[in-house]
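Just so you know, residue 1 is the first one in the sequence shown, and it goes up from there.
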Amino acid sequence: MTVGVGQRDPRSLAEREADYAAFVEANLRRNYTAHFIHGMLGMTGFRLIYAPTFIPTYIHRLTGSDALVGLGTSLLQFGAIISPIFAASRFETKQRILPYAIRTGTMMRIMILGLALAGWFLRGEALLLVTLGLFFLLGAFNGTQRVAFQMLMAKVIPIHRRGRLQAYRNITGGLIAAALSYVAGRWLIQNDVLGNGYATTFFLAFVLTSLGLTVLQLRMVEPIPPVVRSPMRFVDRVKTFPTLLEDRGYRWFILAEACCVCARIGAPFYILYAGSQLGLSGIIIGELSLAYLGADTVSNLAWGHLGDRTGYRSTFTLAAALWAGGIALLLTVHHPWAVFASFCCLGAGNCGYQMSQQTMVLEFGERADIAMRLALSTTIEGTISAIGPLLGGLMAWKLGYPPVLWLSFGFLCLAILLLVFRVREPRQRTVAAIVTDDLLLPESESA
């Protein structure tokens, strides 16, 4: 049924929900394929940027400073502190958000292209300042993009299929990313291809992520949800945050997530500590990147299937334990095989954490609050991730790498305790969704 502009939909909420579910089912194959290709190519490119190997070594090469390595990593997160909340307050009042997601995704990719161009054409202090500025902007657009694309997935992919979708796309994209990271370290960076191997790696990431975004734009069909929130002033919407945290399960989940994010204080220094043991040539960077991304990739299928079958609390807990084990192995066994194995554990643990966190946050509370739950989680993550590496850089500069890595280990142990004793699997809960017809806006008001 088509509702004219300015007209109120005469159907009941139950009828609109049924039509929405039918639309999702009818277009599931097309949307599943679009999200698979977009995620696969996006992951291939973005993991070249966000793997804890290339960016730390790039900043270290430019500056030789552990503190500035921490600053560079922090700037990637500082931009994501406020942008998710602004994005969510806008997206949750819109019936269609794909156009906004495409624009945000495009800007994020332009920042990656800027990193490549800066690496090729700038030198010295100018290169460093422009690179740090682009890190900040990349983080700002990433915060918005995460909210937009997770909302899109929540709209068109049923909850019992999201884990497998993420697993299949991650394992395919991860295999490509692992191979490319090995090639980038061993060939592009080692031989300074096109004058700056890091810049050439960034350009490759730009091309791959842009292809993925194009496929999503051309293939995805977005449904109109049965209800959307009425517009509110940004300040008033922020004041409703305490109501989200009234859900005890979500509150403890946020705390466990925050502990895992705090553990990232050591992420930029995995590769630098490994380099202090093995050397830090392009070959070592490539091999450890292959270990990290390869384990991330291979573990995806296990995380996705286990999460879909049992819920993502179990995968969250196992992933945090594997992550902690990787740090302990890196610090205690100083042999090449142990360093390689520790990066495998770090990659697999990070994969399980990312998939679990991104899926669990969609399962608490009402559909109408998905955008703000995503924004709150992303903002908390961005805030801690921004401050953590900066403090970690100062700690590493003053105390060395081991204290920073042991602190990460401690945060992960705390997260595991919270998950085991405080967080309840959200799928086991019966949540009474209270939604009224007043939330549904005419199309002209929400466009």
Side-chain angles (χ1 to χ4, degrees), residues 44-79 108-139 142 177-178 180-209 264 266-276 278-293 343 346 385-386 389-390 392-393 396-397 401:
T44 301
F46 285 128
R47 286 196 178 180
L48 293 177
I49 302 295
Y50 282 98
T53 49
F54 290 108
I55 292 298
T57 54
Y58 184 47
I59 297 299
H60 205 267
R61 172 181 170 177
L62 293 179
T63 66
S65 167
D66 292 332
L68 287 177
V69 169
L71 174 62
T73 307
S74 293
L75 287 172
L76 279 171
Q77 304 297 334
F78 265 119
M108 189 174 180
R109 286 149 180 81
I110 289 174
M111 297 306 107
I112 297 176
L113 177 61
L115 289 173
L117 296 175
W120 280 330
F121 297 110
L122 299 178
R123 295 291 181 272
E125 185 176 334
L127 172 57
L128 177 62
L129 292 176
V130 170
T131 298
L132 293 177
L134 289 169
F135 282 170
F136 175 80
L137 293 174
L138 181 62
N142 185 39
L180 286 176
S181 66
Y182 182 75
V183 171
R186 197 173 183 88
W187 180 49
L188 300 181
I189 294 174
Q190 183 74 7
N191 299 311
D192 258 347
V193 172
L194 299 182
N196 186 323
Y198 287 97
T200 306
T201 301
F202 298 148
F203 182 74
L204 183 59
F206 163 75
V207 171
L208 292 169
T209 54
R264 290 183 183 172
F269 308 105
Y270 300 152
I271 186 67
L272 299 180
Y273 181 73
S276 70
L278 306 178
L280 203 56
S281 66
I283 294 174
I284 294 296
I285 295 171
E287 290 177 347
L288 293 181
S289 297
L290 175 63
Y292 184 93
L293 295 175
F343 270 73
L346 294 169
S385 296
L390 186 59
W397 177 45
Y401 301 132

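Once rounded to the nearest 0.5 Å, the distance linking CG of Asn191 with OG1 of Thr200 reads 11.0 Å. Here Asn196 contributes atom CG and Phe202 contributes atom CZ; the two are 8.0 Å apart, rounded to the nearest 0.5 Å. Of the inter-residue distances, the one linking Met108 atom CE with Leu113 atom CG reads 14.0 Å to the nearest 0.5 angstrom. The structure places CZ of Phe203 at 8.0 Å from CG of Leu117, a figure rounded to the nearest 0.5 Å. Note that CD1 of Ile112 and CG of Leu137 are 12.5 Å apart. Values are rounded to the nearest 0.5 Å. Atom CG of Leu132 is separated from atom CG of Leu75 by 5.5 Å, given to the nearest 0.5 angstrom.
A 4.5 Å side-chain heavy-atom check between Tyr270 and Leu288 finds every atom pair outside the cut-off. Between Phe135 and Leu115, the closest side-chain pair of non-hydrogen atoms falls below 4.5 Å. With contacts defined as side-chain heavy-atom distances shorter than 4.5 Å, the pair Leu128/Glu125 does not qualify.
In terms of the ring-ring contact (aromatic ring centres under 6.0 Å, His included) criterion, Trp187 has no residue partners (sequence neighbours excluded). Not counting sequence neighbours, the partners of Ala396 by the side-chain contact (heavy atoms from CB on, under 4.5 Å) test are Asp66, Phe269, Tyr401, Val404. The side-chain contact (heavy atoms from CB on, under 4.5 Å) search around Leu127 returns Tyr58, Leu62, Ala118, Leu122, Thr131, not counting sequence neighbours.
Within 6.0 Å of CH2 in Trp397 there are 12 or fewer heavy atoms belonging to other residues, nucleotides or ligands.
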